[in-house]
**Q** 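One structure follows; several queries about it will come next.
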There are 4 protein chains.
Amino acid sequence: MLGQVTNPTGKSFGSDNHAGVHPAVMAALAAANTGDVVAYGDDELSRRAEQMLCAASGAARALLVFNGTAANVTGLSLMLRPFEAVICADTSHLNVDECGAAESILGSKLLTVPTPDGKLTPDLIAGRLVGRGDEHRAQPRVVQLAQLTELGTCYSLPELRAIRDFCRENGLLIYIDGARLANAVAHLGCSLAELAGCADVLSFGGTKNGALGVEAILVMTGSLAGNALFHRKQLMQLSSKMRFLSAQIVGLLEDDVWLKNAEQANAMARRLSNAIAGIPGIDLAYAMEGNGVFAELHRDVAESLQEDWRFHVWSATGNGRCVVRMMTAFDTTEADVDALAGGLRDRLIHVKQPTA
Amino acid sequence: MLGQVTNPTGKSFGSDNHAGVHPAVMAALAAANTGDVVAYGDDELSRRAEQMLCAASGAARALLVFNGTAANVTGLSLMLRPFEAVICADTSHLNVDECGAAESILGSKLLTVPTPDGKLTPDLIAGRLVGRGDEHRAQPRVVQLAQLTELGTCYSLPELRAIRDFCRENGLLIYIDGARLANAVAHLGCSLAELAGCADVLSFGGTKNGALGVEAILVMTGSLAGNALFHRKQLMQLSSKMRFLSAQIVGLLEDDVWLKNAEQANAMARRLSNAIAGIPGIDLAYAMEGNGVFAELHRDVAESLQEDWRFHVWSATGNGRCVVRMMTAFDTTEADVDALAGGLRDRLIHVKQPTA
Amino acid sequence: MLGQVTNPTGKSFGSDNHAGVHPAVMAALAAANTGDVVAYGDDELSRRAEQMLCAASGAARALLVFNGTAANVTGLSLMLRPFEAVICADTSHLNVDECGAAESILGSKLLTVPTPDGKLTPDLIAGRLVGRGDEHRAQPRVVQLAQLTELGTCYSLPELRAIRDFCRENGLLIYIDGARLANAVAHLGCSLAELAGCADVLSFGGTKNGALGVEAILVMTGSLAGNALFHRKQLMQLSSKMRFLSAQIVGLLEDDVWLKNAEQANAMARRLSNAIAGIPGIDLAYAMEGNGVFAELHRDVAESLQEDWRFHVWSATGNGRCVVRMMTAFDTTEADVDALAGGLRDRLIHVKQPTA
Amino acid sequence: MLGQVTNPTGKSFGSDNHAGVHPAVMAALAAANTGDVVAYGDDELSRRAEQMLCAASGAARALLVFNGTAANVTGLSLMLRPFEAVICADTSHLNVDECGAAESILGSKLLTVPTPDGKLTPDLIAGRLVGRGDEHRAQPRVVQLAQLTELGTCYSLPELRAIRDFCRENGLLIYIDGARLANAVAHLGCSLAELAGCADVLSFGGTKNGALGVEAILVMTGSLAGNALFHRKQLMQLSSKMRFLSAQIVGLLEDDVWLKNAEQANAMARRLSNAIAGIPGIDLAYAMEGNGVFAELHRDVAESLQEDWRFHVWSATGNGRCVVRMMTAFDTTEADVDALAGGLRDRLIHVKQPTA
């Protein structure tokens, strides 16, 4: 067992959820706390939040919910009938990390697809389009993407548009899990609307990007929005004091706080990725295309640093090595990154590398 | 049409949800926003919130969720198998105001009971205990009470204990919807533990009592708690930045803010109720036993005041009259009450009463 | 305790389900058992069964399922989205006798209505049309009728058409549970198509009318039929050896066996009803309008005859009296009826009637 | 396009579902059709059927349902809570051919596993036992096997016992889809009880083995049976005229008709398999271990014979070749097999084989 290396700044690389609330969001919450306001979203601030979301994304409707699993389930609920299925990457959060909510609450089958990097392609989707029209088979109806993916990779706009075109030709709808959509926009340098326009419904994550706890569902295809309020309420996502969800959105959207937060997180991931490139015995596991650095290294080293920097051991890769996930957030600093890079370098240059 | 009477203080009597966040809760949120914290509740503040809830109520476990519908559905999910049913008042929030969540998400049948005042009794419950053991019938398993009820009434401890004893003798569990449990504790002058001890599982509402948005599920019967974390996650109620739900609870429980808030709301409802007793043409519709005043008056009068004071028209009662619901909150003041009472008095003494 | 009276013919009046299979149905089953046939309904006999059903009823599609609960759940599944609700009589089979299948499998709320005779009316339906458009409320979408009702009563065609007109004006669909539809047709003297035309979807029961076990779902409103095959399969109602369900339907429809069976059952119920009219101490509880006789009598008398004639004690009515249900079937004979009537008369003239 | 070869005997090799009803079953149905019998299984014949099933298998309870999908869903419903998942082969009928019933009706996640031959192993199961105790993950609880598998292969008793031991050590229950359990018993030469003893719950298929339409659920682990009647009713599988399901079971179990039927089907599959071994250009795709022969051949040949012999093209395998499934049934004869083998031989010796 290697000795513990101390994290001097205390910053966690475990998740962008470990970060707190951005000051602009806290200020917006305080500002919203003045006097009485009608409940359930029938208030000025909530109308403003929805307008800002629609203006920025081109959505027909925007609805706020409490967390990412709820955004996925509620968003998908607008698109699926009981006998219809969702094609998704087998590594997707929807499939792996939501305790079976899609199956249990929506009753929907997930048609999972192995991928090298968390990303679907028209070919991978086509491979699951069997048995259409056959009453014995759940019928594929929605393609679920994540942007960023669960492996930190980012679809390019051409990749997304190719999927969108394929889906339209094949009678499929697209849902994008955008828990880290801001990081994707920042990475691609595109507009939110360009990205959102590739989906029929998508989520726009606030929580991982500096909010206290709010996610928006953006309904791009207006015909899917008609009953959305009923779905949200039934799925236990209607906030009575809605103004405090709305305030978070306003706080993030005003002055492009959301984008600046994502850019900062991405820049810090880039810095970490660059530093790792110069350290022997550690290699990127997936392309670094947002705010997550997935790297492979010796498990002993990973474990000696893990408790202090809190990153996750993502998977074992054999030969005593493993992949770790290191996430940055809106408040990750250069000093935070340099400390972790230093810890990794310090460990790895003292560890005898296994012979391949 | 009568002319509009203006609400001089602007205070809404429409719902305790119209109020904002209590300063102690805002302070607790700000205090929680320091540095990084592990997500999903594995943090000190969250442990403290659960400990405080368990200590105050005698619960075996306490879990935080986002809103009242979620508390009801998640709480009930711990108690029910697919073929089991819930006995509840037909006026209950669970039955009326949750968009069918219990049926859709849990798949549970609600066996509804008409009541004069929103309160179940052993006799009313017994009336639904037919067909037990008959495979054609959904099997009654949980009795769902609300405390306060949806009609503003409050079970006495002897009433609750009689129901508890009846349920134990008859193999029934008790769930209490405690969205306004604090108001019930304040009204009864009992401890939270005395009240909670009458249930197997109950909710303890924060949102209507000064929180931004949090409800606690208190699991009194420990054997029901084993899988509660899975249920909460699958039901889309696991907050990633849990510390900010926990902070609200801590803010409410420290220095008994929750109880003082409820006492203030109740006192203002009492003041309103007393004032109404002296006004002709308006009568209490149900006993005033918390923070809700339900009163019957001429519909024209109700409508002339409704927009400005925002109270709900609850039901029509014939002869041109209706029942309105006027709710007080932790921040309702004497001036607010006196203004509404004045408005009612002013209107009603000028209106020719219908002859009964 | 009164002594036992013996049932000389052995015929049960407990249920039309106690009867066996009509010879024409058995013959049709045997005739279908020749050589190999493609499974799942893609065979000549199945096509013929559907054509016969559609021709007789005017349905756009007809689908066969295994039993009455399945017919109701599958039929309703074609009409409901998750947030929509069903208005039905509180005495309906759907609400009382299907172990919560509608709630558990469809996730649908039932909005139950007390009725004097098991029959809904436009006014009773209107009373449940509250909260439309309010996201907190499950939205009424389907009115579920039973024809015959669970209390043996039969809607007249004008009554049904009034409900149909009301539903069309109010954006409601109609589902008819036709487990005893044949008896209704026989009672009304109308055509199957006249009756079926009052519904958007309905079931046409075979099992209680001489089949071994088959029910048809008739989809009258073609736009609801598009995905019916998927619903049936997912709801576990697709028979692999479908020809043997289809054969039963053909056996019943050829030579109007279904109607003759119903007419015989109805005639025997009429005979029983007439006999009862001449016996002191027993009174019809509901109008006799099909093949069920509901009568009120002293509980001791009921119990002394119940074991031998197997009728059900339906409900207690106070003063030592109860309502019993006596059902006739396609194979009930005059001798069977006369024996029961004799048993009742024999008992009742010897029993001291309670003073009212 | 090759010319059509005519099937001289007309026997379908498309499915064991294409066969009709065995004479012993028809006789049992006729014998059951005498007079009135109490509905829903409370009759002598139904008790006898259950006793025979329990005696033959060692089951604590046996319940009859209508079809194979229902047997799987109902059986699994006894074993699963909402947050629990089922490990199964990705080729399983449960996953592929039941229109998402497990997800939609039970709300259960299926954790699918690729296999070379449709068979799970302890190692394959172990690969899906990740995230146990982690609230974000659906919790593996049931291992679902099929015996025969969907690919016609058969677990040996040692293989099953190794899985059973692994499952017991790992807190997993076993469900066996026994739609073709009789063929497995015949293939292994073991007793039904030896096979059933490897499961906690299993189905025993009647329909594919000469019944008109009935499957039995055998509950081996008595503690899982307590609420089975409620589950069956709610899942729309309670037959009112139950005697006619029971009669089929009695007809199959008396004189070991079920076993003789399976032996005949297996022998014919063996004959077909042996014949194929001598034909160039066609190869077994999976081990022939029951009543299904999966063979790879040139697609043109397959298609030229498919319409007449009705076998399924199961999958494409590249290079112009495909796998076909040829099923035998209780009534397949040597002449039927020889005709098909002749057709294959005739076609294949005239077709130029592709160069590998």
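The figures that follow rest on heavy atoms only: side chains count, while hydrogens, waters and symmetry mates do not. Fair warning: this is a prediction, and the values are worked out from it, not measured in the lab. In what follows, every chain begins at residue 1, and chains take the letters A, B, ... in the order their sequences are listed.
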**Q** Considering only heavy atoms, which portion of B:L245 lies under 4.5 Å from any heavy atom of chain A: side chain, backbone, both, or neither?
**A** neither
**Q** Suppose we screen for ring-ring contact (aromatic ring centres under 6.0 Å, His included). Which residues come up paired with B:F66, at least two apart in sequence or across chains?
**A** A:F66
**Q** Show me, pair by pair, the donor and acceptor atoms from chain A and chain B that are under 3.5 Å apart.
**A**
| from | atom 1 | to | atom 2 | distance (Å) |
| --- | --- | --- | --- | --- |
| A:K11 | NZ | B:D36 | OD1 | 3.0 |
| A:K11 | NZ | B:D36 | OD2 | 3.0 |
| A:S12 | N | B:D36 | OD2 | 2.9 |
| A:N17 | OD1 | B:S240 | OG | 3.3 |
| A:N17 | ND2 | B:Y40 | OH | 3.4 |
| A:H18 | O | B:V37 | N | 2.9 |
| A:H18 | O | B:R243 | NH2 | 3.0 |
| A:A19 | O | B:R243 | NH2 | 3.2 |
| A:G20 | O | B:K241 | NZ | 2.9 |
| A:V21 | N | B:N33 | OD1 | 2.6 |
| A:V21 | O | B:N33 | ND2 | 2.9 |
| A:N33 | OD1 | B:V21 | N | 2.7 |
| A:N33 | ND2 | B:V21 | O | 2.9 |
| A:D36 | OD1 | B:K11 | NZ | 3.0 |
| A:D36 | OD2 | B:K11 | NZ | 3.0 |
| A:D36 | OD2 | B:S12 | N | 2.9 |
| A:V37 | N | B:H18 | O | 2.9 |
| A:Y40 | OH | B:N17 | ND2 | 3.4 |
| A:N67 | ND2 | B:M236 | O | 3.4 |
| A:N67 | ND2 | B:L238 | O | 2.9 |
| A:T69 | OG1 | B:K233 | NZ | 2.9 |
| A:C99 | O | B:Q234 | NE2 | 2.8 |
| A:S104 | OG | B:Q234 | OE1 | 3.1 |
| A:T207 | O | B:K241 | NZ | 2.7 |
| A:A211 | O | B:K241 | NZ | 2.7 |
| A:K233 | NZ | B:T69 | OG1 | 2.9 |
| A:Q234 | OE1 | B:S104 | OG | 3.1 |
| A:Q234 | NE2 | B:C99 | O | 2.8 |
| A:M236 | O | B:N67 | ND2 | 3.4 |
| A:L238 | O | B:N67 | ND2 | 2.9 |
| A:S240 | OG | B:N17 | OD1 | 3.3 |
| A:K241 | NZ | B:G20 | O | 2.9 |
| A:K241 | NZ | B:T207 | O | 2.7 |
| A:K241 | NZ | B:A211 | O | 2.7 |
| A:R243 | NH2 | B:H18 | O | 3.0 |
| A:R243 | NH2 | B:A19 | O | 3.1 |

**Q** Please classify the contact of B:A211 with chain A as side chain, backbone, both or neither, using a heavy-atom distance under 4.5 Å.
**A** backbone
**Q** Could you have a look at A:A19, A:A30, A:G10, A:A71 and say which one has the most heavy-atom pairs with chain B under 4.5 angstrom?
**A** A:A19
**Q** In terms of heavy-atom pairs under 4.5 Å with chain A, which of B:V73, B:V21, B:L235 leads?
**A** B:V21
**Q** Taking side chain as everything from C-beta outward and backbone as N, CA, C, O, which of these in B:L29 sits under 4.5 Å from a heavy atom of chain A? Side chain, backbone, both or neither.
**A** both
**Q** Minimum heavy-atom separation for B:C99 to A:F230, with atom names?
**A** SG-O, 3.9 Å
**Q** May I ask you to name which of A:G100, A:P23, A:A32, A:G14 has the most heavy-atom pairs under 4.5 Å with chain B?
**A** A:G100
